[in-house]
Amino acid sequence: MTPAATSENDPERGLYGITVAADLVGMGVQNLRLYEARGLLRPSRTAGGTRRYSDSDLVRLRRIGQLLDEGLNLAGIEKVLGLESRVRSLESEARRRRR
DNA sequence: CTTCTGACA
DNA sequence: TGTCAGGA
């Protein structure tokens, strides 16, 4: 469709300010800052220092919310997120190697 | 918008 | 410990 659709649909590109992002995932802005301080998230920053949350950041935030509901603390969630990302890379690596 | 501090369950 | 409110 759109010729420039590649960069416009990049899930890694920061789109939302912290207020909009918190609103979209149903969290408080203070919590989003805390999650970042605890190493659960790394939203991009503008030159002026304001956070920019991407669509994949929102997915990550919703995952954090699920894990919190399940009773994990922030330290545990950081571990889980790390393990999940490692599983993903190992799975894709195994997929490549298999072909 | 940012970081920081304190109260609450 | 995580959440939330208020202030600089």
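Chain naming here is simple, since letters A, B, ... match the order of the sequence lines and numbering starts at 1 in each.
Checked by atom type, the side-chain pair A:Y16/A:D57 shows no donor-acceptor distance below 3.5 Å. In this structure, a donor-acceptor pair under 3.5 Å is present between the side chains of A:S56 and A:E12.
Whole-Å rounding puts the A:M27 CE to C:dT3 P distance at 7 Å. The CZ atom of A:R33 sits 12 Å away from the C1' atom of C:dA5 (whole-angstrom rounding). Between the CG atom of A:L68 and the P atom of C:dC4 there is a distance of 11 Å, rounded to whole Å. Spacing between atom CD of A:Q30 and atom C1' of C:dG6 amounts to 10 Å, rounded to whole angstrom units. The distance from atom CD of A:E36 to atom C1' of C:dG2 is 17 Å, rounded to the nearest whole Å.
Counting any heavy atom pair closer than 4.0 Å across all strands shown, A:R38 reaches sugar-phosphate atoms only and no base atom. Using a 4.0 Å heavy-atom criterion, one finds that A:L74 contacts the sugar-phosphate atoms exclusively.
The minimum heavy-atom distance between A:R51 and A:R45, with the atom names listed, is NH1-NH2, 2.9 Å.
Between A:Y53 and the options A:V25, A:L15, A:L41, a side-chain contact (heavy atoms from CB on, under 4.5 Å) holds for only A:L41.
Summarising the base pairing, C:dA8 is matched to B:dT2 through a Watson-Crick or G-U wobble pair whose two defining distances lie under 3.5 Å.
Between A:R33 and A:I18, the closest side-chain pair of non-hydrogen atoms falls below 4.5 Å.
For DNA chain B, the span of nucleotides reached by chain A at under 4.0 Å from its heavy atoms goes, 5' to 3', from B:dC1 to B:dC4.
Contact between the side-chain N/O atoms of A:N31 and the OP1/OP2 oxygens of C:dG2 is not found at any separation under 4.0 Å.
Of the possible polar contacts, one joining the A:R60 side chain to the A:L40 backbone as a donor-acceptor pair under 3.5 Å is found.
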